[in-house]
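Numbers restart at 1 for each chain; the letters A, B, ... are given by sequence-line order, proteins then strands. Only a predicted model underlies this, so the values are computations on that prediction, with no experimental measurement involved. When reading the values below, keep in mind they use all heavy atoms of this one structure, side chains included, and skip hydrogens, waters and symmetry mates.
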Number of protein chains: 2
Amino acid sequence: MRPPTLLDLAKELNLSTSTISRALTRPGVVRPATRERILAAIEKIGFSPNGVARSLRKRETKTIGIIVPDITNWFFGVIVRAISGAVGPHAYMMVVFDANEDPEAEAKALQSLRERQVSGIIRCPVGGENKSWEAAIASGTPVIELDRCSGLRNVDTVLIDDDQAGRIAAECLIALGHRRIGTIAGPQHLSNARGRLRGFLKALSKASITLAPELIEYGDFRESSGYIGAERLMSLRARPTAIFIANSEMTGGAIAAIRELKIRIPKDLSLIGFDDARWARYLDPPLTTISHPTPELGRCAAELLLDRLTKVKSHRKSRVIKFEPELIVRGSTAPLRITKQSRR
Amino acid sequence: MRPPTLLDLAKELNLSTSTISRALTRPGVVRPATRERILAAIEKIGFSPNGVARSLRKRETKTIGIIVPDITNWFFGVIVRAISGAVGPHAYMMVVFDANEDPEAEAKALQSLRERQVSGIIRCPVGGENKSWEAAIASGTPVIELDRCSGLRNVDTVLIDDDQAGRIAAECLIALGHRRIGTIAGPQHLSNARGRLRGFLKALSKASITLAPELIEYGDFRESSGYIGAERLMSLRARPTAIFIANSEMTGGAIAAIRELKIRIPKDLSLIGFDDARWARYLDPPLTTISHPTPELGRCAAELLLDRLTKVKSHRKSRVIKFEPELIVRGSTAPLRITKQSRR
DNA sequence: TTGTAGGCGTTATCAC
DNA sequence: GTGATAACGCCTACAA
């Protein structure tokens, strides 16, 4: 029942535990013959070293913690998979927390991760206190922030150039002749949501377009808020002729609402979404969207972390890596049609 | 740098480590006054117990392992989230492996999980050897299988009634008048793929419809195989007028292919998908699909595991829980139109 | 090349 | 109610 330990093996073989331990960790140091004998016995009785004991002794768990806001969101699924693929070969395992966009849940996750002595943490901040994070970093746990930045110091950060993303979206719609443009922005306590909105507004104002405040809806990055946002935008007296939506979940919700309202895309409304989720291409018309190399983001975060884990802990300056977004033009955007409504 | 330990606290307070430990784990047993003092000190120096040491001593890691075939698949995202939500309140954490539908990767994941002494494992089998799983179970690690079953003994299993699912899909299409019906089945080494196909074929044959072999395409549950499968089905001399597809990823691929071929749904082709992924409702027409209570599946698996973890290890008989699928009729299915092609 | 001894930080079992 | 002591299973000086 209780799995065999080094001591069991040692008795079996009339050797000391140290020799067996060495045979496993530094093969060169033990005589080939004994090594063979040990390996055979291990095979026979099915021994595998107790990782918990090893972690305690070496003060190193070979575990990295990941906190994402919503694992059912395609974006974070891809991120987790990419991180997993990047750290696996280095024998790290991954403990995952789904914070459900809730700062309290994220705080609890951090606490668990610290108690479990994880080697490092990759987080996509959902907001909330920075204090316990500062403590974690001060105590030597490297932290990488991904997709969003909390303002914490001494963390490496992997971001999308969100200002750029917002700008590209706006410029595309402007070029198509749209002037009354709406947006469903993300929650403004998150840096990525702020960036996307900021870039978007900046580009509009550069084109001398001023946005009526009611053309900005603030969602929470969840599907339902996209649905509500779209409903409200489309029930405006002066409806927008184009909308930019700041993430994929809200885009989905908006599409559902727009379908129910029998508004035709792109004839009545042009739409630019965010994140090139797989289903963007299944839509009819397929979705024009702001895309970014999602798996690269995850891989990059993993590599930054591995780097901090491997290298001697010199006080490296913290790095910020930004990935450039790209507009993928598909069928949901079209030149402005002049109608009674849109001319006003 | 090195986090404070019980011993540090003990010196600080002129107490023994035992007392402090007790104050944390069985508050009732220590004098309120000393307890206060301890709590204050803990607060002050920011102590948190070392979970690794605790795990070693208690031989219990409070960690559960989860192996899924593809975390970017909506279905498994929802499963992971549901499990996380169910075990979190019991202070378990979750280590996640993405096996990428690869039996070797799954085997490695199992090995890591065992070395890390996880308390239990929830797996969605991807095929491959059962032997190391038997060893794991024999050594006392409870295992739950989810969505697929490998034939392993002494595991609890949570499934969808796949035969039923296939049957419902077929019956729906038959009732709509379709006779030349195709399917994109999953890989037949997986029990769920087999069940879905079996139920489907059975219902057809019950209606005296025999399926030409070329109307069955075998995919691998990934998007691209759905794309290819649909392409092949639709390039058949005698095209099917309806298709049933055995999971959501392949359904997406198929839809992309069908769009490119300019085949109209449901006018030219009726489609029934599987898994009611969020995007099924975004499509135009929205997707008719076989749905099931996905989060319930995850929660159920978690509860079965918690049950085995909590209860004394009596030799409980292993349980199989099947959830009933449900047909959600939306716009991608329609009565058969009599055309030259479909009459032949 | 191998064995001995000590410790990683916690909890359980005894005494007191 | 509190303290001393001995594990939990492994790794690593150091000694042989």
Handout entry: I321(A) side chain near L304(A) side chain, heavy-atom distance below 4.5 Å
Key = yes
Exercise for the section: Please determine if a side-chain N or O atom of S21(A) lies less than 4.0 Å away from the OP1 or OP2 oxygen of dC11(D). Expected result: yes
Fill in the blank from the handout: R59(A) CZ to dG6(C) P, in whole Å, measures 19 Å
Handout entry: Sugar-phosphate, base or nothing in reach of T25(B), heavy atoms under 4.0 Å
Key = sugar-phosphate
Practice task
Examine dT2(C): is either OP1 or OP2 under 4.0 Å from a nitrogen or oxygen in the side chain of S16(A)? Give yes or no.
Solution key: no
Exercise for the section: Sort out for me which residue in I160(A), L297(A), L159(A) forms a side-chain contact (heavy atoms from CB on, under 4.5 Å) with D147(A). Expected result: I160(A)
Problem - Side chains of V52(B) and R116(A) in contact at under 4.5 Å (non-hydrogen atoms) - result: no
Exercise for the section: Answer with base, sugar-phosphate or nothing: what part of the nucleic acid does R2(A) contact at a heavy-atom distance below 4.0 Å? Expected result: sugar-phosphate
Practice task
Determine the contact category for L56(B): base if any of its heavy atoms lies under 4.0 Å from a base atom, sugar-phosphate if only primed atoms, P, OP1 or OP2 are that close, otherwise nothing.
Solution key: base
Fill in the blank from the handout: Rounded to whole Å, CD of E60(A) lies from C1' of dG9(C) at a distance of 17 Å
Fill in the blank from the handout: Between CG of L9(B) and P of dT11(C) the distance, given in whole Å, is 12 Å
Practice task
For dT2(D), take OP1 and OP2 only and decide whether either is under 4.0 Å from a side-chain N or O of T19(B).
Solution key: no
Handout entry: Selection: residues 27-51 of chain B, any non-hydrogen atom under 4.0 Å of DNA chain C
Key = F47(B), P49(B), N50(B)
Problem - Spacing between R22(A) atom CZ and dC14(D) atom P, to the nearest angstrom - result: 14 Å
Exercise for the section: Could you tell me the separation between the CZ atom of R116(B) and the P atom of dC10(D), rounded to a whole number of Å? Expected result: 14 Å
Practice task
Nearest whole angstrom, please: distance from the P of dC8(C) to the CG of D8(B).
Solution key: 10 Å
Practice task
Give a yes or no on whether E115(B) atom CD has more than 12 heavy-atom contacts from other residues, nucleotides or ligands under 6.0 Å away.
Solution key: yes
Practice task
May I ask you to verify whether the side chain of R57(B) and the base of dT10(C) hold a donor-acceptor pair under 3.5 Å?
Solution key: no
Handout entry: Touch class at under 4.0 angstrom, heavy-atom based, for T5(A) against every strand present
Key = sugar-phosphate
Exercise for the section: Mark yes when over 12 heavy atoms from residues, nucleotides or ligands other than E134(B) sit less than 6.0 Å from its CD; otherwise mark no. Expected result: yes
Problem - Whole-Å gap separating C1' (dG3(C)) and CG (N14(A)) - result: 13 Å
